[in-house]
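Below is one structure; the comments refer to it alone.
All chains are named by letter (A, B, ...) in the order of the sequence lines, taking the proteins before the strands, and each is independently numbered beginning at 1. Heavy-atom basis, side chains included; hydrogens, waters and symmetry copies ignored.
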Amino acid sequence: MAAAPPLLFLAVFFAWPVVAIILRGLRPDGAWDLAAFGEVVADSTIRRVLWFTIWESIASTVLCLLFALPGAALFARYRFPGKKLLWSALLVPFVLPTVVVAVSLLGIIGSGGLSGVNLSGTVWAILIAHVFFNYAVVVRTVGSTWSTIDPRLEESARALGARPWRVFAEVTWPLIRSSVAAASSIVFLFSFTSFGIVLILGGISHRTLEVEIYDQTAKFLQLDVAAVLALLQLLVVVIILLWFGRSQRRRSVLFDQRSATETEQPAGTPRQKWFIRSNLMFIALLFGTPLMVLVVRSFSTPEGWGFGFYRALTDSRGGSTSFVPPVDAIGNSLMFASIATAIALVLGLCAAWAIVGDGSAHSDTRFSRWTDTALMIPLGTSAVTVGFGFLIVFDEPPLNLRSSLWLIPIAHAVVALPFVVRLLAPALRSIDPRLREAAATLGASPRRVWLSVEVPIVGRALAAAAGFAFAISLGEFGATAFLIRPDRPTMPIAIYRALGRPGEYNFGQAMAMSTILMLLTVVVMLVIDRFRPAGVSEF
Amino acid sequence: MSSSYLALNHVSARHDRNEDPTLHNISVDVEAGEVIGVLGSSGSGKTTLLRVIAGLHNASEGSIILDGVDITTTPTHLRGVGLMFQEHALFPHLNVSDNVAFGLRMAKVPKPERSIRVVEVLELVGLTDFGTRDVASLSGGERQRVALARTLAPSPRLLLLDEPMGSLDRVLRDHLVSELRELIVDLGLTALYVTHDRSEAFALADRIAVLDEGAVVQFDTPGVLDASPATEHVSRLLGHR
Amino acid sequence: MRRLIAAGLLGLTVFALSVLGSSCASEKSETSSSVSPVLVNGSLPRFEESVTLRVMTHDSFAVSQSVLDEFESATNVRVELISSGDAVAMTNAAILTAGNPVADVIFGFDENLLGSVLRSNLLQQFRAERLEGVDSVFVIDDSGMATPIDHGNVCVNFDRGAFSKAGLPVPSTFDALIDPSVKNDFVVEDPSTSTPGLAFMLATIAKFGGGDDATTGAAWLNYWKQLKANGVSIVDSWETAYYATFSGGSGKGDRPLVVSYASSPPAEVSDTTLPVDQSPTGVVTETCYRQTEFAGILRGASQPQAAAAFIEFMLGGSFQADVPGQMYVYPVVTGTPLPDTFAKYTAPVEAPLALPYSEVAANRERWISQWSALFR
């Protein structure tokens, strides 16, 4: 039953537009025209693009895990100054517009960049940017689970003679595996559908399927070819999702969850100090430098250091329609993000609940498995496919929504939903069914059990999910650019607008607005993390 | 330097997890085969003491000698001490046998020997035929026994028990305490047993160290302790008055 | 129970889709319509009842609020702006919804998009009376559907400081761009993804010819081969080219030559007392290619009269004079005054390169794939 609202939502706001645009491509005049299939299959460029997309995604995922798992351990196990701030700040890369990040990264690894190494146009630039964007996905997803593991399990293993890496391999890994699988599938899909990064940093020789679909749809309006490519993308995404889903389920283990404050500790041994320091160094290098470049640029005006660009944000340029007071842009962003987060959380809870069922073995039905997979598909689908789909399906009453502002938070919620589910389902799944049974025997109705037992327990995951949903909405550009009304721009739209014009002051304003967006993100995440329910041990 | 089996010489330790206090200048000598009770109210530092001996926490000063070897800086996994927690900390992803076999696998004991040893130890704790059970399906007492079996399997040089009866009910506890004492003595093990419960300490220990605010305030046999408590605090802890 | 719901949902979706599929197919009507003149004695009409006019534009559209207010109060028409990404995405979104449009007026497609706009029967005929004042070079749609509103030039820009520091003369011709002295100095946008990139590619075709040659030996391609040998860098977009790769003005990169607009140099001047020959960046005039932006009334518009009035308004004095300051482009109406900085720091482009739009429409895909074969 709980699966109905999210599935209906996705059917209307995702499946319908996508199927419609694909059908428009394959049945242009009411008759099937499948010639494009032959065209695509015979095209060696497409085969090359597909191959590159797949291996680039795998490489990005592996690289991201390699760097982010130590980060997850850092946040799950250690107490250090500035931890809360850093945990919130991790989501900053997630909300910054790709073009801003890419331009900042080029300031370091581009031609004439700070590092002195020019990686622009190479696959390395793409991989580095993917790690930059997805680091938080792994750290926050896996870190949340990891922090609930009783450190005494690991200590017992050590006392039983396991050296550190074996403690990880034999005890920690089996317990975090399912959340690693969940995070990996998201990183994979993000890398698989990477668009701006590939265009800007990859140069002209690197193209993903996503870029190809965008060009065929928005640039050339070759809907038949686009439809075949979209189907191809869908096929790969479904196969990957089923594979991840299987490993995630097979490997999930029930365990007693601890509260995070109970499991963290300050660095004791020199080895731990080194671990913390090297992790923080990595974070500073990966995130600190490009973001610093951005912030520094926002303050270096032609007249010297100062707030000139920030003041310019409020200059209406003679009352232009393209001018929006920064306060309004912030307000628009916050409003859309709040609505999108609310939609995604409500639907996500329903979905996660339906997927996990009552936690018993027989609740793992084929239905719940397919629901799980279906919810993830939007992440692996091109924004332009959905955007153009919206245009042709929501054009008649009662759903004449094409120019409705509601489509914006709805589109954001479609993207955020899988995150919410990915974070909530493992948390729900790891709840001992006896807790539920205990509550039920105490006279609680299923709804009460859900509210009084499950919601608090998944509180951490819920807070993390709310953070992600909010961040996704704050940073979303692709769909927003397509659906927004010029007088209600979000912050990323305002940033692009400034960056689309030449001149120090336009560039500077884009940097200033980006800096404000970064600050806003950190503040919002701090607030969300503050509201998260306290740990399990407290009830 | 004394000839004792375990010697703590002027051991101090600084903050551990949130609430734990520090240890101040602790010196204790334990003979081989002795069972020592470590008695103290919560927050007195008794858990930290065990963690320092196990190497899970660094001593900031002093040294720890085990069987004539200074182990102060030896990593936990090379100390060969057995540690058992109040919550048992059974590995949720492994069944009973695999939990018990864990330490043997780490010690690279060959598989056939390992299986024999697992059966042997499970029999010792009275859990024959529990090998394939999922640890989530065990009762409190059963979990406690599996944890004990897991700690005993690799034949530790020193047994450290942190409130192992903490989560069990009174009747079961009294029964298990005497059983545990018998087992430790039979196996000839040296053990430190941390508890806040006077009766448990008295039923089990040859000698008792009373901890208060991170320092040992008295270290004597139960008889002496009972007859002449050193401080007001000790006598209150023993339930006098 | 769950399975039942799922099956029900699936059924519902499939049904909805099949209905949709058939309705889409039957929607296409190929009648062309036209809108009659709206001006009253040369001035904007006033509508008795207040109407809302929806204007579809690209995301770099801008107009002074006071100018827009002028239109609204004169005509009693409320303007609602709708944006759909860049000019290309906007045009294709409009084509996709041809006959049942999101808006009444579309503004911002250029001559390179004009071919597909006309081919897809997107617009209604409307001949604006104020077209009289527009220079005839911009009135290129004989079918009378697309009305020119503004124009600009895509040109190679140079970083003056970099050249004076190196002691080199500022380049002034196409040939100067393939000179060994500017090796690894030039950045160009990918013509398949970027509008200025496409314009520069068309400029080389207009200049060197060979556009009808489908072989790899076409004259214009030979020029690109020399550019490639001279280390030209290709990037995806104007933003990447100008801000991340170009070294002049507000650019943060290290290449002193970039494909941008004739109107970019004034934007780099903050001190208007600066002599023209000392402005941070300048334009290689020979490389300039004309770009005209058009507006049209969408077929199926619910307010065709108000739409017509809006097009007349865009050709009126106040909008035309507003265009340079807001969108960095030139007005199409002859004699419209230019803002001071604009007039001072933009080099006059007397005869920009251009190709007939029909030729571009017919060959663009082939040219891009010929170009791509060289660079991918």
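B:L160 does not touch chain A: none of its heavy atoms, backbone or side chain, sits under 4.5 Å away. Both the backbone and the side chain of A:R163 come within less than 4.5 Å of a heavy atom of chain B. For chain A, the nearby part of B:P154 is the side chain; its heavy atoms alone come within less than 4.5 Å.
Remark: the A:E154 side chain and the A:T172 side chain contain an N/O donor-acceptor pair separated by less than 3.5 Å. Between B:E200 and B:Y193, the side chains place a donor N or O and an acceptor N or O closer than 3.5 Å (distance only, hydrogens not considered). Side-chain contact annotation: B:S137 with B:R133, donor-acceptor N/O pair under 3.5 Å present.
With hydrogens and angles ignored, the 3.5 Å screen pairs a side-chain donor or acceptor of B:N99 with a backbone N or O of B:F91. A donor-acceptor pair is defined here as one N or O able to donate and one able to accept, closer than 3.5 Å; such a pair exists between the side chain of B:S27 and the backbone of B:H10.
Interface summary for chain B: among A:P164, A:A162, A:A159, the most heavy-atom pairs under 4.5 angstrom belong to A:A162. Of the listed residues (B:G82, B:A54, B:A89), the greatest number of heavy-atom pairs within a distance under 4.5 Å of chain A belongs to B:A89.
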